[in-house]
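A quick write-up on the structure given underneath.
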Amino acid sequence: MTRTRRTFDTRGIAFGCDYNPEQWGPEVWDEDIALMIEAGVDLVAINIFGWSHLEPHRGEYRFDRLDDIMDRLAADGIGVNLGTGTASTPAWLTREHPDLLPMAVDGTRRYPGGRQAFCPSSPVYREHALRLTAAVAERYGAHPALRLWHVSNEIGCHNALCYCDVSADAFRRWLADRYVDVDTLNAAWGTAFWSQSYGEWEEILPPRATLSSRNPAQLLDFHRFSSDELLGHYRAEADVIRSRSEAPITTNFMVTAHIDNLDYWSWAADMDVVANDHYLDHRLGDPTTELAFAADLSRGLAGGDPWLLMEHSTGAVNWQPLNLAKQPGQMMRNTLTHVARGADGACFFQWRASVQGSEKFHSAMLPHAGTDSAMWRDVVELGGAIERLAEVAGSRVDAAVALVFSWESWWAADGESRPSQALGYLDLVHAAYGALHAEGLTVDVVAPGADLSRYSLVVVPGLHLVREQDAVVLTDWIAAGGTALVTFSSGIVDEDDRVYVGGYGGPFRDALGVRVEEFAPVARETTLTLSDGSTATLWSERSRATTAEVVASFADGPSTGAPAITRNRWGLGEAWYLATLPEPAAYRSLVARLAADAGVRPAAEVDGDAASVDVVRRRGAAASYLFVVNHALVDATVATSGTDLVTGATADGSLVVPAGAVRVVRETPAASTGS
Ligand code: GAL
């Protein structure tokens with residue numbers, strides 16, 4: 001499909017929120033808009049959950065309230081990111097068609113009363129959703145407030161995997177397209193195992209709950225199918241809009257670590273602007289590292305172009321077991337971390353804190369306490385800072401390091417029967433990214449097989465599933481002079497989840513110069529010691545170096561004597577291999593050594609608690625901007641010259657960034673080396 005991307009002009013760095021005026025009467029709307037203007041809000045997402053308001057009964061539309069709010073926003077120059085309203089079905093629809101309700105893995109239905117209560121493959125849901133989309137697009141497609149279309153909401157957040165009979169039919173059609181005949185499917189799924197061979201398409205089911213573990217290749221394809229099915233729905237709504245409106249179209253991704261159901265690499269090209277929602281999750285290790293990773297991955301999905309942070313929170317969320325308030329200054333630091341890493345807009349969920357419903361304890365820009373609150377003052381301060389960053393819009397982030405990330409590897413590696421349940425794909429990704437981040441290196445997150453020519457260092461954490469042709473892109477790039485670090489659990493299976501035999505590492509084996517014979521994971525509480533005195537956890541393996549130099553070996557544990565860190569000359573480049581999970585300090589020194597070898601440096605030198613200071617450069621046509629986000633409790637001194645857009649101060653050679661503060665320096669030209 002070739003389609004021209006429509007441009008989303010953020011007009012500076014957009015600042016905004018989800019706005020749910022339907023939760024209040026019009027008596028608060030004027031106050032809402034006046035306060036939005038005070039805070040500098042210029043983009044609001046509305047009608048996200050509008051269906052039952054717009055169509056209270058089948059076919060009977062009521063647009064009066066939405067007309068009113070659109071007109072008021074237009075009159076005050078606030079742009080609208082307009083939802084199609086299809087994210088949550090109205091009660092009349094599920095009552096009429098209970099068969100469109102989604103089915104869980106155990107065969108039980110999920111009922112209305114929450115949100116997203118529909119099967120993604122339901123033709124009935126699709127028909128009604130497109131009818132609503134058409135009505136909304138026709139009515140508001142040329143409205144002066146309209147800036148951006150917001151298809152549905154966080155597509156697949158709750159209902160990505162549906163196991164009902166309608167889904168089963170759709171899954172079979174998807175499989176027939178992919179494999180053409182059943183024997184080819186049998187070969188791809190390895191159904192010779194446990195007497196699972198199929199004779200007819202009709203015998204095939206979604207991977208519903210079983211007594212034992214399920215066929216991993218079937219699970220993998222079900223993930224692919226489910227992601228494609230929802231993308232199909234996105235496309236259907238987007239097509240309806242495109243023929244009725246010129247405005248750009250997107251939906252909000254969930255590049256946050258607990259959602260793994262959609263392969264966003266296959267979605268990104270469909271977005272006129274990539275948009276992401278990010279919520280801190282303290283269960284995922286160091287929050288500032290995960291935040292930076294999510295932002296870098298969002299930029300990766302945007303192909304390096306500016307992207308939009310569609311949702312994050314001013315304070316606590318309400319859906320984690322313990323919902324932590326943000327520290328003073330953390331909102332500014334976190335929001336500007338996204339901007340530093342390429343976002344040209346930062347929006348919150350939501351404008352005014354709800355007083356009813358299951359999100360009534362979720363933070364908002366305008367909290368329950370009202371405007372006489374630290375939260376509101378912080379929001380106004382942030383809005384002011386964002387306004388002063390307008391000239392940054394359109395610039396692109398400099399990065400000389402790439403990290404290869406894959407949803408398919410996530411699905412395949414985190415299967416039901418694996419060498420160690422203690423280790424997940426994301427642990428490997430976060431550990432590698434964390435080491436690079438702590439070294440102050442800016443990282444582009446790229447898809448397997450992506451062009452690597454602009455990078456000096458490439459890190460490949462746990463790329464469990466890899467296609468041979470994608471592996472060749474990496475090994476050829478190394479041969480041409482690149483430096484790569486590949487970790488254990490990479491190159492284990494092909495796209496059918498079939499093991500590459502002859503030594504693990506499969507298509508990376510020759511370039512790495514290592515032949516892995518057996519996995520030997522260890523318990524979480526076991527510490528492994530390496531010959532260089534450093535320690536590691538969770539993983540070891542029995543292998544031998546064929547052509548690689550052994551940099552460190554296991555000094556104890558089940559793989560004593562086997563290589564733990566190796567380095568192999570491959571063509572003009574170097575392929576490093578890591579056969580364990582080093583403790584963070586050791587991981588950092590390893591990547592520091594590789595970065596030094598590859599000639600990669602942080603965007604600026606930092607004096608202070610450098611590992612807790614983000615330094616990222618965005619480069620525009622007329623100027624470059626050094627973002628410094630000091631997450632530390634101590635002041636940092638950064639080598640830079642230029643004008644700080646946040647405070648207006650000037651720096652000549654160095655700038656003190658107080659503990660917890662953010663500075664954005666428009667650099668004087670000679671200062672902007674490094675990346
Ligand atoms: C997102 C969603 C919003 C709101 C928010 C709360 O998942 O798009 O509607 O629920 O989370 O954190």
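Start at 1 and go down the list; that is how both ligands and their atoms are numbered.
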When you measure from the side chain of W24 to the backbone of W29, do you find a donor-acceptor pair of N or O atoms at a distance under 3.5 Å?
no
So which protein heavy atom does atom 6 (C) of ligand 1 come closest to, and at what separation?
H362 NE2, 3.1 Å
Just which atoms of ligand 1 are under 4.0 Å from any heavy atom in F49?
9 (O)
Quick check on contacts: which atoms of ligand 1 are under 4.0 angstrom from a heavy atom of W319?
6 (C), 12 (O)
According to the interplanar angle, ranging from 0 to 90°, do the rings of F405 and Y425 count as parallel (below 30°), tilted (30 to 60°) or perpendicular (above 60°)?
tilted
Look only at the side chain of T251 and the backbone of V151, and say whether a donor-acceptor pair between them is shorter than 3.5 Å.
yes
Backbone N or O of I78 within a donor-acceptor pair of the D42 side chain at under 3.5 Å?
no
Quick check: does any side chain N or O of T133 sit under 3.5 Å from a backbone N or O of A129, one acting as donor and the other as acceptor?
yes
Distance from atom 9 (O) of ligand 1 to nearest protein heavy atom, with residue and atom:
R115 NH1, 3.0 Å
Atom 4 (C) of ligand 1: the protein heavy-atom neighbour that sits closest, reported with distance to 0.1 Å:
E359 OE2, 3.2 Å
Could you tell me whether D18 and ligand 1 have an N or O pair separated by under 3.5 Å?
no
Any N or O of N318 closer than 3.5 Å to N or O of ligand 1:
no
Whether the R131 and Y61 side chains hold a donor-acceptor pair (N or O, under 3.5 Å, no angle test) is what I'd like checked.
yes
Please report whether the ring centroid of H430 lies less than 6.0 Å from that of F293.
yes
Atom 3 (C) of ligand 1: of E154, Q320, E311, the nearest heavy atom sits on E311
Sub-4.0 Å heavy-atom approach of Q350 to ligand 1
no
Ligand 1 to N153, heavy atom cutoff 4.0 Å, flagged ligand atoms 2 (C), 8 (O), 9 (O)
